[in-house]
Amino acid sequence: MRKLFIFSNLLILALLIGWSLIWKPAVWSFTIFGPLFLLGIYDFFQKKHTITRNFPVFGHLRFVMEDLRPKVYQYFVESDTNGTPFNRQNRSVIYQRAKKVDDTRPFGTELDVYQNGYEWLNHSIAALSHDQLQESPRVKVGGPDCLQPYSASIFNISAMSFGSLSQNAILALNAGAKIGNFAHNTGEGGLSDYHLQEGGDIIWQIGTGYFSCRHKDGTIDFDAFAQRAVLPQVKMIEIKLSQGAKPGHGGILPAAKVTPEIAKIRLVEMGEDVISPPYHTAFSTPLELMHFIKKLRSLSGGKPIGFKLCVGHKSEFIAICKAMIETKIYPDFVTVDGGEGGTGAAPLEFSNSVGMPLREALAFVYDALTGFDLKKHIRLIASGKVATGFDLVKNFALGADMCNSARGMMFALGCIQALECNSNTCPTGVATQDKSLMKGLVVQDKKVRVANFQKMTVSSALQMLGAAGLKHPCDLHRDFIYRRTSHSEILTYGELFPYIPKGSLLISPYPLNFEKDMAISSPETFVPDYNKVSPVQVEATSV
């Protein structure tokens with residue numbers, strides 16, 4: 001397509017020049033249209049802007065519209081509600097950080113501070129200067145049975161698969177991770193050569209389809225897993241139980257995006273949609289999950305093993321915690337994905353209406369691990385519309401040790417949220433397998449933008465911590481964050497999500513808000529047994 005465009009441009013330009021030599025009035029036509037064709041040639045060869053590289057001349061209309069749009073945004077109209085595009089203010093901040101452009105603003109806040117849901121961090125008179133802050137905090141991931149703990153950045157690339165994203169997007173993400181010394185999650189689509197080529201640290205995600213380590217019948221191939229898991233570049237392995245964009249639903253890769261290369265990497269057949277099962281076949285109970293974790297840890301040579309989930313029934317996570325206590329097998333990390341998480345292809349009702357939002361889920365998981373006195377062994381990772389320094393700060397306050405970003409990293413690559421991810425026609429070359437479109441995404445340019453975005457976002461979070469008088473994310477407390485819940489009421493995160501005492505779920509009586517879930521959960525099954533709770537008890541607990 002791009003070769004045809006440049007050939008037609010050159011042909012038309014030659015015809016205009018010839019026409020102008022024969023018929024003098026055509027000089028005016030050449031004067032008007034000639035520069036446009038020259039601009040098209042320039043656009044085709046420049047490497048900074050994917051849109052104009054893929055769509056010379058016409059791509060500039062996007063920037064014109066961007067300049068004409070209103071400069072003041074209603075933040076909460078587009079921010080954290082499920083099913084809406086990522087809010088434009090955050091998107092603008094990401095683009096600027098990726099390009100290392102100053103993101104300061106005149107005339108104060110653009111947000112309505114009296115809008116329900118407005119949140120802020122309380123600062124301190126005893127604020128810290130920049131040189132008092134740790135430049136790039138690291139978090140050690142690895143419990144008592146981990147032989148190869150990983151020192152991770154506090155901000156990493158969330159799960160996005162090759163197949164959903166183009167090879168150039170994967171290359172740029174991993175190369176950016178290499179530059180910035182942070183980690184790149186493969187997504188459930190398998191471990192490809194593009195994840196390994198640039199040398200960035202890898203978190204290999206194993207989903208229900210067991211891509212890159214599966215038998216023909218779809219079950220896990222432990223030998224294939226072991227061969228890849230021991231690669232030095234693979235730093236951690238993440239078992240995906242569910243994801244925020246479509247919890248309880250298998251992953252989807254449309255047939256149009258399944259190339260022979262992707263089929264080979266994933267070990268699937270061509271010509272059909274690749275749909276992961278909604279459940280794992282390698283285990284079916286919390287106890288079996290723990291033994292599965294132990295086996296993967298052994299096969300990987302003792303690397304950190306964890307799991308990712310979007311919280312649904314609270315009793316299911318309680319059952320997993322009970323299984324940890326019974327087996328004394330602990331995951332090294334737990335990734336909490338919010339119901340607001342995004343993906344390239346998901347049923348609309350699932351994206352909008354299934355899965356617990358990140359803030360509530362993160363607070364619950366932290367409290368459950370604390371109640372069972374397990375948090376000391378396990379790192380918490382937060383994922384779900386994480387894009388700004390303040391997003392990191394809020395998640396740290398709720399108990400996260402690290403954060404992952406998917407959409408933020410896509411915007412750093414040049415994504416304009418065209419919402420063409422599932423149609424293979426992404427105009428920026430980010431989420432497509434169309435080679436003529438992915439060529440517009442220049443890895444050498446975009447890898448730097450990915451590294452810039454990560455570095456400046458971490459810096460922003462650290463500066464906010466310094467403003468609060470804190471040196472490290474682990475110093476944050478829920479009472480540092482305030483939320484307006486009505487025009488006349490303000491509550492801290494500590495009041496909205498009250499802590500429970502350490503070890504309080506090991507001995508009865510349990511905290512009231514955990515009482516029912518403790519009663520109906522068992523390490524022997526994920527299915528809650530509501531018969532253990534009488535209707536009277538259920539009513540009393542819900543109050």
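Keep in mind that this is a model prediction, so the values were computed, not measured.
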- Query: Do NZ/NE/NH1/NH2 and the carboxylate oxygens of Lys308 and Asp337 come within less than 4.0 Å?
  - Reply: yes
- Item | Any residue meeting side-chain contact (heavy atoms from CB on, under 4.5 Å) with Lys447, in chain and number order, not counting sequence neighbours | Ala175, Ile179, Gln444
- Taking the side chain as every heavy atom from C-beta outward, state whether Met464 and Phe390 have any pair of such atoms under 4.5 Å apart. yes
- Classify the side-chain pair Thr432/Asn424 by whether it contains a donor and acceptor separated by less than 3.5 Å. yes
- Message: Under the rule for side-chain contact (heavy atoms from CB on, under 4.5 Å), what residues qualify as partners of Thr186, not counting sequence neighbours?
- Response: Leu191, His195, Ile202, Trp204, Gln205
- Query: So, are Asp332 and Arg297 salt-bridged, with charged N and O less than 4.0 Å apart?
  - Reply: yes
- Query: What residues, two or more places apart in sequence or in another chain, satisfy side-chain contact (heavy atoms from CB on, under 4.5 Å) together with Phe222?
  - Reply: Ile220, Phe292, Lys295, Leu296, Leu299
- Item | ring pair (Phe, Tyr, Trp, His ring centres under 6.0 Å) against Phe396, all qualifying residues, sequence neighbours excluded | none
- Query: If every non-hydrogen atom of Ser166 is compared with every non-hydrogen atom of Gln433, which pair is closest and at what distance?
  - Reply: CA-NE2, 3.7 Å
- Aromatic ring centroids of His280 and Tyr210 under 6.0 Å? yes
- Item | Atom of Ser153, atom of Phe182 and distance for their closest heavy-atom approach | CB-CB, 3.7 Å
- Taking everything shown except Lys455 itself, do over 12 heavy atoms lie less than 6.0 Å from its NZ? no
- Query: Among all residues two or more places apart in sequence or in another chain, which pass the ring pair (Phe, Tyr, Trp, His ring centres under 6.0 Å) test with Tyr194?
  - Reply: Phe162
- Closest heavy-atom pair, Asp401 versus Ile154, reported as atoms and distance to 0.1 Å, is O-CG2, 4.0 Å
- For Pro331 and Ile378 the tightest heavy-atom approach is O-CG1, 3.2 Å
- Message: Could you check whether Glu261 and Ser192, counting side-chain N and O atoms only, form a donor-acceptor pair closer than 3.5 Å?
- Response: no
- Polar side-chain atom of Ser161 near backbone of Gly163 as donor-acceptor pair, under 3.5 Å: no
- Do Asp434 and Ser436 have side-chain atoms, one donor and one acceptor, less than 3.5 Å apart? yes
- Task: Please determine, by modelled atom types, if Ser158 and Ser383 share a side-chain donor-acceptor pair under 3.5 angstrom.
- Result: yes
- Determine yes or no for a side-chain-to-main-chain donor-acceptor pair under 3.5 angstrom, with Arg266 supplying the side chain and Gly189 the backbone. yes
- Note on the structure: By side-chain contact (heavy atoms from CB on, under 4.5 Å), Gln463 pairs with (sequence neighbours left out) His130, Ser459
